[in-house]
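Numbers here are sequence positions counted from 1.
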Amino acid sequence: MADGEPSGAYREFKALVEAADRKFARARDLPLYGGGDHHSRKAFKAYTRLWRLQQDRRRDLVAAGLRRWEIGEVASRIGQLYYARYLRTAEPRSLVGAYVFYEAIYSRGYFAAPAPANANASAAAGGGAKHQGLLIRYKELRFIARFLVVAMLMRRAEAVDHLVARLRSLVQESKSAYPKTNFKEWKQVLQELDRFLKADGAYKGSRSLRYDNLFDSYASNLASIARFHSKRVLKLKEAVLTSYHRNEVKFTELTLDTFRMLQSLEWEPTGSYQIAVKELTENGTMSDQSGPSGLIDIHLSTEISDGNLPSNPQRAIIYHPTVSHLIAVLATICEELSQDSILLIYISASGLADQNAYHKYASSSSSRSRSASAFSIDKPNSHTGLDDHVWLGPRGNGGPNNLYPEDLIPFTRYPLFLVIDSENSHAFKAIHNAEKGEPAALLLSPRIASAMPGVESGNGGQFTYFLTAPMQAFCQLAGITSDIDSYEEILSTSVGLNIVWGQILPDPFLRRLILRFIFCRAVLFYFHPEEHGEHLPICLPSLPESVSPNAKAIKTPILLLAENLVVSNRFHFGNRT
C-alpha cells in the first residue's frame, strides 16, 4: 500500500472499527433489562461515524484494500444493535431497522466468498487465505441465523423459506470446501430450525399473534370497560418471559413459547406504518448495489413510527435462567415499576427434572376423582412433594433448580399478573391469599395437556398456544389440519367481577389473555367426557359464573365452531350441564 490519502483513510477506518467494536462488546454483554441503554447509544454513535466514513471515502478505502466482508461486518453489527434495542424497548421500528440492514447485507452478498484473481494467486495465498475464508464462512452462517430470527418476527414467510434453503446449502458447501472442519453444531442448528418451523406452522398464512385493533378490539364494549376507570387502573408496562424445558423447541436462544408470547404482547402496526415498512424492506434500500456498500441510512428507524398506537410493554426475555438469576431479574424490574404499572410474569417450565417420575405421578393422580369444581377454585394449593414447584435446570434433581411459589410471594408487594404453563402450575395457587401487599392475578395451566387419540399434539405449551393463538390451538386439539368475540362483552358487563381483574381489564394485552383463558378453559372442559381438574386451567381469584364453561353464552360459540369445522363429535356437549 502506497503512502498517501487512501492509506490514511484506511487507517482511520480501522481505528474507528476497533473503537466501535469495544463499545459494541460492552453493549452486547449487558442484560436486556434494567439500565444500561447508554452503552447501546454509544455503540450506535460509534457505528454512525464509521458508516459515514465508509460512505464518504468509499473509493479511497476500496483502493486501499477494503474488502466487502469488512463492510458486511460493520452492517451486521448495526443490525445486531437494532435487534438488541428491539428486545430492550419492544419498539417495532428497531426490528425494522435490523431487517433492513440484514436484507441489504444478504442481497449484496457481503459475506459471499470472492473468486480468486487467478490460480497462481490462490496457490500463493496458501493456508492463510483458506483460514480467512473459513472465518468469513462462519460469519456468514451466524449472520443468516440472526437474519432468520428477525424475518420470523417480521412474519416474512418468503424470506424465511429462502433463508432456510440458503442456510442448508451453505452448510453443505462448507462441509465440502472445508472437509477437515467439523460443522456438527450447524447441522444441529438446522435440526432445531426445522423442528421450530414445523411446530410453528402458524408463521405462514395465518393472522398475526400481535394485538390488532381491527380484530381484537370491540368498540361497543369500551363503555362497559370504562366503569373500571373510576377505580384503580393498572397498565402493563413490563413483562418477564422465560421458558425452560429439556429438549424444548427453540431456535438460537428463542424458545417457541417465548416466541409466541412476546408477539402477543405487541401491537400490530397500522396502515401507514405497514406501507412505510414495506417500502423500506422491499424497495427503499436496494439502490446503488455496485459498490462495496449501498447508501443504507443508519437513522432509518427514527423516520418510521406508528403514532396511532401506544408503546408496546417492555419485555425481559430470559433464556434458560437459574432460579437465582430469575429472582434477580424480577427484583431489578420491580424496583423500576411505576405506580400505575403491573408486571406480567410468564413461566413455561417442567414440573420435574425426572420426566419418568412425573408421568408415574400424573398417571396415579389423574385416576383419582375430583369432587370440587374445576373452574372455580380459590383454595390454596394442597399438594406437596413432587408437585410443589417448577424446575429450572439442565439436569438432575436439587433444590437450587426448583422454583417454588414462595419464591415469588415477595414480589406481590407490587401488582403481578402471573401466567404459569407447567404440569405443576397448580402449586402456585399457594400465592393466592398469601400476597404481601397487592392481590395477584393468576392464570394457571392444566396439569395434563389434552389431545385427540392418535393426533400429534405438536410442540410448545398447549396453554401458551391457547393464550397466543386460540384458533390454531383449537384446530390442533381437534385434529384439524388445515370467535370468541362475544366473551369480551360478557366479561366486561359481569356483575361481581373481582377488583383484581377489574383494575387490569382496561389493559388490552391483559384483557386479551383473560379472554383467551376463558376460551381455553371452556374448550378443554367440553373436550373431556367428565370433569377432571387435572385437565383444566385455573384462574385466581375466580372469574364470574357468567364466563364459566357451563354458561350458555360461553358454550354456544364453541359448539357452533365445532359444528362448522365438523368436529363436534370430538367434544362432549350433550352430557355436560
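Side-chain atoms of Phe251 and Val149, non-hydrogen and from C-beta on, do get closer than 4.5 Å to each other. The side-chain heavy atoms of Pro537 and Leu443, taken from C-beta on, include no pair separated by under 4.5 Å.
Distance alone, capped at 3.5 Å, is enough to place a donor-acceptor pair between the Ser492 side chain and the Glu489 backbone. In this structure, His426 contributes its side chain and Ser445 its backbone to a donor-acceptor pair below 3.5 Å. Between the side chain of His245 and the backbone N or O of Ala349 there is at least one donor-acceptor pair closer than 3.5 Å. Formation of a donor-acceptor pair under 3.5 Å by the Asp257 side chain with backbone atoms of Gly461 is found in this model. At distances below 3.5 Å, at least one donor-acceptor pair connects side-chain atoms of Thr242 with backbone N or O atoms of Ile318. Proximity of a side-chain donor or acceptor of Thr322 to a complementary backbone N or O of His325 within less than 3.5 Å is detected.
The heavy-atom pair separating Leu234 from Pro415 by the smallest distance is CD1-CB, 3.6 Å. Taking every heavy atom of both residues into account, Gly351 and Asn424 meet most closely at O-ND2, 3.1 Å. Here the closest heavy-atom approach between residue Val500 and residue Ile504 is recorded as O-CG1, 3.4 Å. What you find for Pro549 and Lys555 is that their closest heavy atoms are O-CB, 4.0 Å. Nearest heavy atoms, Glu406 versus Pro410: O-CD, 3.2 Å. Taking each heavy atom of Ser341 and Lys237 in turn, the nearest pair found is OG-CD, 3.1 Å.
With values rounded to the nearest 0.5 angstrom, Arg516 atom CZ is found 12.5 Å from Met471 atom CE. In this structure, the separation between CD1 on Ile431 and CG on Leu416 is 8.0 Å, given to the nearest 0.5 Å. Distance check, rounded to the nearest 0.5 Å: CD1 of Ile327 to SG of Cys334 gives 11.5 Å. Atoms CG and SG, on Leu513 and Cys520 in that order, are 11.5 Å from each other to the nearest 0.5 Å. Here the OH-CG distance, from Tyr83 to Leu153, works out to 5.5 Å after rounding to the nearest 0.5 Å. With rounding to the nearest 0.5 Å, the separation of CG in Leu408 from CG in Leu326 is 7.0 Å.
Under the salt bridge (Lys or Arg N to Asp or Glu O under 4.0 Å) criterion, Asp407 pairs with no residue, sequence neighbours left out. For Lys235, there are no side chain to side chain donor-acceptor pair (under 3.5 Å) partners two or more places apart in sequence or in a different chain. Considering only residues two or more places apart in sequence or on other chains, Thr252 meets the side chain to side chain donor-acceptor pair (under 3.5 Å) condition with none of them. Glu248 is linked by a salt bridge (Lys or Arg N to Asp or Glu O under 4.0 Å) to nothing, counting only residues two or more places apart in sequence or in another chain.
A salt bridge links Glu438 to Arg232: one of the charged nitrogens lies within less than 4.0 Å of a carboxylate oxygen. Residues Arg210 and Glu266 are paired through a salt bridge, judged by an N-O separation under 4.0 Å between the basic side chain and the carboxylate.
When only modelled atom types and interatomic distance are considered, Ser422 and Ser425 share no side-chain donor-acceptor pair under 3.5 Å. For the 3.5 Å distance criterion, the side chains of Thr464 and Tyr346 qualify, holding a donor opposite an acceptor. A donor atom on one side chain and an acceptor atom on the other are not found under 3.5 Å apart for Ser243 and Thr258.
Applying the ring pair (Phe, Tyr, Trp, His ring centres under 6.0 Å) definition to pairs two or more places apart or across chains, those involving residues 497-516 are Tyr211-Phe509, Trp267-Phe509. Note on residues 557-568: no pairs pass salt bridge (charged side-chain N to carboxylate O under 4.0 Å, His left out), not counting sequence neighbours.
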*Just do the salt bridge (charged side-chain N to carboxylate O under 4.0 Å, His left out) check on Glu91 and Arg85 with the steps written out, would you?*
CA-CA 8 Å; Glu91 291 179 354; Arg85 177 184 285 179; 5.1 Å; no
*Test side chain to side chain contact (heavy atoms under 4.5 Å, CB included) on Ser264 and Arg512 and set out the steps.*
CA-CA 9 Å; Ser264 73; Arg512 189 171 67 162; 3.7 Å; yes
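Under the 6.0 Å distance and 45° angle rule, Arg88 does not count as a cation-pi partner of Tyr33. Figure legend: cation-pi geometry between Arg260 and Tyr465, with NZ or CZ positioned under 6.0 Å from the six-membered ring centre and within 45° of its axis. Tyr86 carries Arg315 over the face of its six-membered ring, with the cationic atom under 6.0 Å from the centre and within 45° of the normal.
Using the six-membered ring where Trp is involved, His320 and Tyr244 have ring planes that are parallel, under 30° apart on the 30 and 60° scheme.
Between Phe527 and Phe474, the distance from one ring center to the other does not fall under 6.0 angstrom.
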